[in-house]
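Just below is one structure, and these are the notes that go with it.
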Amino acid sequence: PRGMTHTTFSLLSIILIFIQLASSSTVSYPEKPKIEGEWRLLKFSERHFEWITIQEIGSIASQNQTPYNSTRVASEMAIKSIRRSKGNRYMDITLDYEEGMRTSRNAWNGPRNIPDYPIPNPAAHKEVLVMMSKVDESNLAQTVKDMSSLKTRFYKSSIASKSPSLIRERVEAYVKSSGQTDVKVDYIENTKFQQNNVRVIIPAKAGSTKQSEVVVIGAHLDSTVSRSNNDPDTYSPGADDDASGSSTALETFRLILQGKWRGSRAIHFVWFAAEEAGLLGSQTVAKKYKAEGLNVYGMLQLDMTGYFPNGPQFTLMNDPNIEFTDYLASVAKAYLPKVKAERSTCGYSCSDHYSFDSQGFPAGLAIEASLSKMNPKIHSVGDLISLLDFKGMSNFVSLAIAFSTEIAR
């Protein structure tokens, strides 16, 4: 249970903990424990890192009180972050450590900034309103049905590659039927597991001088339940988390593609692998973009866009970049004034937008509700399509169309 004491949990954990609160711009990572186990280096804040085994992550997440070779104690932050019923609050940075990094490059000081985005102006962009009017709720429902019909989409399962294949096949079918040969689809592979990120690029218009600037619309294609780390093939439907966001991104892509829209900046749609394991797939993508010199002009993550017990709405998360969220709210107000838009916070590394923020890119999250009001069935076998409202979900498609075309223009 969430109230379990620090002392009780000492019977479950082998943890090496390092917390540095100094004011320096970099923070050293703790050394990897020499005790046998599949150790992962988890980042719980810009200055808090812990080594925890996969088995322990699974035990904490499932609130399993079976002892596990315990000699040390997990911090309260780690326990609460891993055990959160509304999703994990950490970034798995083991690969950085394995590649030789020994200090954090992402210890931010000061506020985030955003580019000089245009004032949202629906009246000047009738073609965007036309695209928004063509959202097809049956498309949204079909994609969620197909994704959640897979036994699991967990990144370490024996069928981990099926969800990327499903998304890619659907994207390629849309591209083929459009006849637009300049639209490119590919995988961005992850080096340590067999679940790829899927990407499709709508290029900038011919002659654009902003070819190095891109807009990213993201969602995650994996799923999990509390037992997944210890039983990777256990049933994990993930209809809302995040087949809903994946479906929203796919329908957004379809409409911009069919509208033959082109801006000064390319729009990249990316479906990320292994979000539930500590943002692994999106870290791969964000670091790749940074290394290649791509400037992500803005990144919008769509995570859980389908559960509205009190009627359709948006919840726009203020963290980590409140200026970005202010702009996203202005887009929502201009293009969808009748849809309620709330503001909230989700906590460190709550979804894939944090991977882009960690590379210095402006990024934010649109989600169905605040943490206390969102779908209570996520990360369980009860996260089913029957709980979703596709009319409410269609508003997120319209928001993503409006946001991406405004800043890519």
Side-chain angles (χ1 to χ4, degrees), residues 43 46 91-96 99 101 104-108 112-115 117 164 167-168 171 182-193 195-205 208-222 245-246 249 252-253 256 262-275 277-303 320-321 323-324 327-328 349-366 400 403-405 407-409:
K43 180 179 180 181
E46 295 297 348
M91 189 178 295
D92 186 326
I93 58 170
T94 311
L95 185 59
D96 286 349
E99 291 177 345
M101 291 184 59
S104 172
R105 61 186 169 196
N106 303 328
W108 286 92
R112 275 74 167 170
N113 296 310
I114 61 171
Y117 292 149
I167 292 292
R168 181 167 183 168
V171 167
D182 60 341
V183 177
K184 305 300 181 186
V185 186
D186 65 0
Y187 283 137
I188 299 177
E189 295 182 356
N190 297 291
T191 59
K192 298 292 185 177
F193 54 93
Q195 188 177 69
N196 294 325
N197 307 289
V198 181
R199 174 177 65 175
V200 58
I201 300 172
I202 295 180
K205 60 188 175 184
S208 171
T209 59
K210 299 174 181 176
Q211 298 288 343
S212 66
E213 296 181 354
V214 303
V215 176
V216 177
I217 301 296
H220 70 88
L221 49 72
D222 62 320
S246 293
T252 302
F253 165 70
I256 294 177
R262 298 291 187 274
S264 298
R265 301 171 179 88
I267 303 178
H268 292 204
F269 293 85
V270 189
W271 290 264
F272 302 112
E275 185 267 357
L279 318 186
L280 293 175
S282 57
Q283 287 187 72
T284 297
V285 177
K287 288 188 286 188
K288 173 182 172 67
Y289 282 19
K290 188 76 168 183
E292 292 178 351
L294 287 179
N295 177 16
V296 177
Y297 199 65
M299 185 274 179
L300 175 61
Q301 175 75 355
L302 302 165
D303 194 344
N321 189 331
E323 289 189 21
F324 179 93
Y327 181 75
L328 184 59
S349 291
C350 65
S351 194
D352 291 307
H353 60 300
Y354 264 88
S355 293
F356 287 80
D357 176 78
S358 73
Q359 298 300 321
F361 300 130
L365 170 67
F403 168 78
S404 58
T405 56
I407 70 169
R409 190 173 304 281

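- With a 4.5 Å cut-off on side-chain heavy atoms, Ile202 and Phe269 count as touching.
- With a 4.5 Å cut-off on side-chain heavy atoms, Arg409 and Ser264 do not count as touching.
- Using a 4.0 Å cut-off between charged side-chain N and carboxylate O, Asp186 and Arg168 make no salt bridge.
- Taking the six-membered ring for Trp, His268 and Tyr289 have ring centres closer than 6.0 Å.
- With hydrogens and angles left out, the side-chain atoms of Gln283 and Ser355 include no donor and acceptor closer than 3.5 Å.
- The distance from atom OG1 of Thr405 to atom CD1 of Ile267, rounded to the nearest 0.5 Å, is 6.5 Å.
- Note on Asp92 versus Lys43: no salt bridge recorded, every NZ/NE/NH1/NH2 to OD/OE distance being 4.0 Å or above.
- Here Ser358 contributes atom OG and Glu46 contributes atom CD; the two are 8.0 Å apart, rounded to the nearest 0.5 Å.
- In this structure, the side chains of Ile201 and Val183 stay at 4.5 Å or more apart for every pair of heavy atoms.
- A 4.5 Å side-chain heavy-atom check between Pro164 and Trp271 finds every atom pair outside the cut-off.
- Donor-acceptor pairing under 3.5 Å is lacking for the side chains of Ser212 and Asn295.
- Atom-to-atom distance recorded for Ile256:CD1 and Arg262:CZ is 10.0 Å, nearest 0.5 angstrom.
- No close placement of the Phe361 and Tyr297 rings is indicated, their centers lying 6.0 Å or farther apart.
- Residues Arg199 and Tyr187 fail the side-chain proximity criterion, which asks for heavy atoms closer than 4.5 Å.
- Of the N and O atoms on the side chains of Glu189 and Asn196, not one donor lies less than 3.5 Å from an acceptor on the other residue.
- Residues Gln195 and Leu221 have side chains in contact (heavy-atom distance under 4.5 Å, counting atoms from C-beta outward).
- Annotation: side chain of Arg265 is not in contact with side chain of Ile407 (no heavy-atom distance under 4.5 Å).
- Counting only distance, with no hydrogens or angles, the side chain of Ser208 and the backbone of Ala204 share no donor-acceptor pair below 3.5 Å.
- One side chain, His220 or Glu275, offers a donor N or O that lies under 3.5 Å from an acceptor on the other.
- Glu323 CD to Tyr117 OH: the interatomic distance, rounded to the nearest 0.5 Å, is 10.0 Å.
- Residues Asp357 and Asn321 have side chains that never bring a donor and an acceptor to within less than 3.5 angstrom of each other.
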